[in-house]
Amino acid sequence: MSQQQWSAVDAYFTELLAPADEALEAALRESDAAGLPPINVAPNQGKLLHLIAQIQGARRILEIGTLGGYSTIWLARALPADGRLVTLEYDPEHADVARANLARAGLAAVTEVRTGPALDSLPKLAAEEPEPFDLVFIDADKVNNPRYVEWALKLTRPGSVIVLDNVVRGGAVADPSRTDPSVVGTREALELFARHPRLTATAVQTVGSKGYDGFALARVS
C-alpha cells in the first residue's frame, strides 16, 4: 500500500470515529500559524490516547512533550471533573501556543504547562511529592527516552500506564547498525521496557497519515 492509501484510510477512520471540532481544529491551525512543526499525533491516534485514558480511569496524567497542545486536549478531555494533567514543554514559544489552545478548549483549569527541559522539570515535579500519575504519555526528544521512562516509573503507581510514541524510527530501531542518537535512545527505552521488573509491555507498528511509525505501551506493577 502507498502513503496515499494509508492517509485515505486514516481520513475515513477520523471522519467516522474521531471527527474534529473547533477546539481541535483551532489547535492545529494556531500551531501552524506559529510555525510549530507538524508533528502532532494524527486525530485517530489522539482519540486512541483519549480512550486509553478513559479505559485506565485516569485522574492524573503526565505528558512529556507538549508541542501545541493537540494531544494534550485529547488526553485532558478524558479526565474526570477533579482530574489534573501536567504537560512538559521545552520551548517557551510552543508552551505559550499550547496554553492558548488549552484555554480555548476550556481546559485551562485542569491542565498545567511547565516550560523548560523535561529532565529539569521532572526532578522538580518529583520534589513536590505529587499524587502518582495514572497515565504517562512520552512524546519528546527521543535521545532521552530512557531517562523519561525512568522518571515515569518514579512518578507512577502499580497499575499505571506508560505510552511511548514514535518507536519505529522508519524501521531503524531493529537495525543494530543504525546509531543515530534518536534511534539509540528509543532502543534503550524499549530494552528498559523489556527488562524492568515493574513493567509489562508491548509495541505496535502503525501506518497512516503520519507515515510508518508505532508506539509502545507498558503497565507498571
Side-chain angles (χ1 to χ4, degrees), residues 24 27-28 30-31 34-41 45-46 48-50 52-53 56 58-79 83-105 107-157 160-167 181-182 185-186 188-190 192-193 199 215-218 220:
L24 289 167
L28 294 177
E30 295 303 316
S31 295
L36 275 62
I39 55 175
N40 50 274
V41 300
Q45 294 168 341
L48 176 63
L49 291 172
H50 179 86
I52 290 172
Q56 173 68 356
R59 288 184 53 256
R60 290 181 52 79
I61 298 174
L62 173 62
E63 180 182 49
I64 304 176
T66 316
L67 195 62
Y70 182 76
S71 57
T72 320
I73 292 173
W74 279 110
L75 287 164
R77 283 179 169 177
L79 289 169
R84 188 72 176 165
L85 184 151
V86 177
T87 182
L88 311 179
E89 173 53 44
Y90 174 83
D91 190 304
E93 294 182 2
H94 294 184
D96 286 342
V97 172
R99 291 188 186 100
N101 286 333
L102 291 164
R104 186 185 302 106
L107 297 167
V110 296
T111 58
E112 178 186 0
V113 182
R114 299 194 180 193
T115 307
L119 291 179
D120 292 340
S121 298
L122 287 163
K124 294 175 183 177
L125 178 61
E128 297 169 12
E129 299 184 352
E131 184 180 343
F133 290 96
D134 307 301
L135 172 63
V136 180
F137 177 48
I138 303 171
D139 189 14
D141 61 297
K142 311 311 173 187
V143 174
N144 286 309
N145 272 340
R147 268 67 67 188
Y148 296 148
V149 172
E150 289 166 354
W151 275 109
L153 280 165
K154 295 175 183 178
L155 291 164
T156 51
R157 57 168 177 79
S160 293
V161 170
I162 302 171
V163 180
L164 178 65
D165 204 11
N166 307 129
V167 299
S182 293
T186 299
E188 290 176 352
L190 290 170
L192 181 57
F193 273 10
L199 291 174
F215 64 93
L217 180 70
V220 180

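FYI, side chains are in, hydrogens and waters are out, and symmetry mates aren't considered; it's all heavy atoms of this structure. Throughout, residue positions are numbered sequentially from 1 according to the sequence presented.
- Around OH of Y90, the count of heavy atoms belonging to other residues, nucleotides or ligands within 6.0 Å does not exceed 12.
- R84 has its side chain out of reach of P130: every pair of non-hydrogen atoms, C-beta onward, lies at least 4.5 Å apart.
- Residue T72 holds its OG1 atom at 5.5 Å from CG of L102, rounded to the nearest 0.5 Å.
- Formation of a donor-acceptor pair under 3.5 Å by the E89 side chain with backbone atoms of T115 is not found in this model.
- L199 CG to L192 CG: the interatomic distance, rounded to the nearest 0.5 Å, is 6.5 Å.
- Applying the salt bridge (charged side-chain N to carboxylate O under 4.0 Å, His left out) test to every pair with at least one member in residues 91-104, sequence neighbours left out, gives these pairs: D96-R99.
- When all heavy atoms of L79 and A58 are compared, the pair lying nearest together is CD2-O, 3.6 Å.
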Chi angles and distances behind the side chain to side chain contact (heavy atoms under 4.5 Å, CB included) call for L62, L122
CA-CA 10 Å; L62 173 62; L122 287 163; 4.1 Å; yes
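- Looking at residues two or more places apart in sequence or on another chain, you find a side chain to side chain contact (heavy atoms under 4.5 Å, CB included) between S182 and K142, V143, R169, D180.
- F133 approaches L125 most closely through the heavy-atom pair CE1-CD2, 3.9 Å.
- Here L135 contributes atom CG and L49 contributes atom CG; the two are 7.5 Å apart, rounded to the nearest 0.5 Å.
- For the residue pair I73 and A27, the shortest heavy atom distance occurs at CD1-CB, 3.8 Å.
- With rounding to the nearest 0.5 Å, the separation of CD1 in I138 from CG in L164 is 5.5 Å.
- Residues forming a side chain to side chain donor-acceptor pair (under 3.5 Å) with R114 (at least two apart in sequence, or on another chain): E112, E128.
- Side-chain atoms of N101 come within 3.5 Å of backbone N or O of G68 as a donor-acceptor pair.
- Residues T87 and L75 have side chains not in contact (no heavy-atom distance under 4.5 Å, counting atoms from C-beta outward).
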Carefully, step by step, assess V136 and W151 under the rule side chain to side chain contact (heavy atoms under 4.5 Å, CB included).
CA-CA 10 Å; V136 180; W151 275 109; over 6 Å; no
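- Proximity of I162 to V220: side-chain heavy atoms (C-beta onward) are separated by under 4.5 Å at one or more points.
- For S71, the side chain to side chain donor-acceptor pair (under 3.5 Å) partners at least two apart in sequence or on another chain are E63.
- Between D141 and Y148 there is a side-chain heavy-atom pair separated by less than 4.5 Å.
- Scanning both residues, A103 and A108, for their nearest heavy atoms gives CA-CB, 4.1 Å.
- Closest of all the heavy-atom pairs between P123 and A118 is CD-O, 4.3 Å.
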Test salt bridge (Lys or Arg N to Asp or Glu O under 4.0 Å) on E131 and R59; report intermediate values, then the result.
CA-CA 10 Å; E131 184 180 343; R59 288 184 53 256; 2.6 Å; yes
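- Put simply, the residue from D165, V167, N166 that forms a side chain to side chain contact (heavy atoms under 4.5 Å, CB included) with T186 is V167.
- Annotation for A189 and V149: closest pair CB-CG2, 4.2 Å, computed over non-hydrogen atoms.
- Annotation: salt bridge (charged side-chain N to carboxylate O under 4.0 Å, His left out) contacts involving residues 65-75, sequence neighbours excluded, are absent.
- Partners of Q56 under the side chain to side chain donor-acceptor pair (under 3.5 Å) rule, at least two apart in sequence or in another chain, do not exist in this structure.
- Expressed to the nearest 0.5 Å, how far CG of D134 lies from CG of L155 amounts to 12.0 Å.
- I64 contributes atom CD1, which lies 10.5 Å from atom CZ of F137 (distance to the nearest 0.5 angstrom).
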